[in-house]
Amino acid sequence: MEFSLTDEQQQLRRTVREFAEGEIAPHVMAWDEGAQFPSELIPKLAEMGFLGVLFPERYGGAGMGYVEYAIIIEELSRVDGSVGIIVAAHNSLCTNHIYKFGSETQKQKYVSPLAQGKMLGCWSLTEPEAGSDASGTRTVAAKRDGCWVLNGAKTFTTNGHHADVCVAMAVTNAGKKHHGISAFIIEKGTPGFRPGKKENKLGLRASDTSEVVFTDCRLPAENLLGDEGEGFINSLQILDGGRISIASLGVGMAQGAYECSVQYAKQRKQFGKAIADFQAIQFKHADMATQIEAARLLTYRAARLADRAVATGDPDARITRESSMAKLYAGEVAVRVANEAVQIHGGYGFIKDYPAEKFYRDVKLCTIGEGTSEIQRLVIARQLLGR
Ligand SMILES: Cc1cc2nc3c(=O)[nH]c(=O)nc-3n(C[C@H](O)[C@H](O)[C@H](O)COP(=O)(O)OP(=O)(O)OC[C@H]3O[C@@H](n4cnc5c(N)ncnc54)[C@H](O)[C@@H]3O)c2cc1C
């Protein structure tokens, strides 16, 4: 077992941290308060290679692996979880779905510009009536005159208003249930396709979470992504990687919350001494740091296994159990750590002048997005018990 990062990975962490502190930190609260999508940051993220982390250089990507991807999401989220989730949805959901299941023509046409950041991606599985039970999808795609015609609406799509390319799931054969849902690639501007209501959120407010609507949206046959009827099954594999994203998001935000509470505890004086000198506060920090480290190890283990699966070239290699465990634990740790960070700040943790308040709001997504904690427990139990 190897518990240390390579020199290159450590250098990558320093590079991302410097970028996040220079380019993101000064704007975090303004973006959050205004629920403002950081459009001006997208070309900078692209320039750094953060929009094509997982994809080979021949498709314009950075050619890195999941461990590097976890480090990038973690370091961006340590400063702003909104940026973390924008990058995550683009990389590991939208672009990865096309990269993993698309034809060579689709990869050339979409993965290359997405990986270079010339296009931004979103991925739509969830619907108002199909959340945890995504197989309850109601959006339909019917074959008409050699085309696919989509009708329905998706909800909670990260990057929905800003994406140039959307990967969406729709029912193509209701009788076949899990094997009757297909994936489609939809370009912005396609008639009948439009982003709908933008959600006004508790946290991650600078990220865009939107409805996307299909009204007689006609797509050429070649926009079917992967085999007909296998879109939902393929999505489960995409979510294996996606859960590494949310685990990394949780680790990063927990680290940010922990660091701001340490800094505060050292300078805040009560009863004539720094509150960091009280054992009650020290124990909180000891627990927070220990839990973050455990979450990070689970996350890196899942990432390492994902890299190994890619390296062995085994298309059926799955990391379902490990990615769900990492996501479950890291998500719940993030919520606990952010809660303690606010507590350590006392009343100042409740106001927006200190970053603890924002971490407290942002982390909650980690126990909900890409499968709630309850669903992760179901997935893990199924893996363990074979039922
Ligand atoms: C900020 C944000 C970004 C998102 N981004 C995307 C995105 O880009 N693309 C996308 O497709 N989706 C996205 N989602 C949707 C997200 O994945 C869903 O919200 C999530 O899967 C839960 O679905 P739901 O909200 O319908 O909750 P529900 O499924 O209605 O769950 C409600 C409650 O019931 C519990 N529950 C449900 N079923 C069971 C069960 N069988 N056993 C025990 N408990 C159960 C849940 O755990 C939860 O506590 C996003 C959501 C948010 C908030």
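For the numbers below, each heavy atom of this structure counts, side chains included, while hydrogens, waters and symmetry mates do not. Both ligands and their constituent atoms are indexed starting at 1 by order of listing. Model, not experiment: these values are computed from the prediction.
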Aromatic plane relationship, W31 with H27 - under 30° parallel, 30 to 60° tilted, over 60° perpendicular: parallel
Parallel, tilted or perpendicular: rings of H345 and Y264 (30°, 60°):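 Answer is parallel, since the angle falls under 30°.
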Contact bool for atom 3 (C) of ligand 1 (protein heavy atom, d < 4.0 Å):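 Flag for atom 3 (C) of ligand 1 set to true, protein heavy atom closer than 4.0 Å.
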Atom 50 (C) of ligand 1: any protein heavy atom closer than 4.0 Å: yes
Regarding [X] and [Y], does a basic nitrogen lie under 4.0 Å from an acidic carboxylate oxygen?
X    : Y    : result
R243 : E370 : no
R308 : E322 : no
R336 : D287 : no
E211 : K197 : no
E228 : K143 : yes

Ligand 1 N/O within reach of [X] N/O, cut-off under 3.5 Å:
X    : answer
T155 : no
T126 : yes
K201 : no
T157 : no
L125 : yes

Protein residue, atom and distance nearest to [atom], heavy-atom basis:
atom                    : result
atom 8 (O) of ligand 1  : T158 N, 3.0 Å
atom 48 (C) of ligand 1 : T372 CG2, 4.0 Å
atom 21 (O) of ligand 1 : G371 N, 3.9 Å
atom 29 (O) of ligand 1 : S132 OG, 2.6 Å
atom 13 (C) of ligand 1 : F156 O, 2.9 Å
atom 41 (N) of ligand 1 : L378 CD1, 3.6 Å
atom 44 (N) of ligand 1 : E374 CB, 3.7 Å
atom 17 (O) of ligand 1 : E370 N, 3.2 Å

Minimum-distance pair of heavy atoms, taken over all atoms of S324 and V379: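 Taking S324 first and V379 second, the nearest heavy atoms are OG-CG1, 3.4 Å.
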Atoms in ligand 1 with a heavy atom of T209 nearer than 4.0 Å: 1 (C), 2 (C), 3 (C)
Numbered atoms and elements of ligand 1 in range of W123, under 4.0 angstrom, heavy atoms: 7 (C), 8 (O), 9 (N), 10 (C), 11 (O)
Short side-chain donor-acceptor distance under 3.5 Å, E74 and Y300: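 Yes, a side-chain donor-acceptor pair sits under 3.5 Å.
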Axial cation check for F193 ring with K188, 6.0 Å and 45° limits: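 The answer is no; the distance or angle limit is not met.
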In one Ile/Leu/Val/Met/Phe/Trp/Tyr side-chain cluster, 4.5 Å: V53, I24: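 Yes; I24 is reachable from V53 via cluster members.
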Ligand 1 contacted by I368 (non-hydrogen, < 4.0 Å): yes
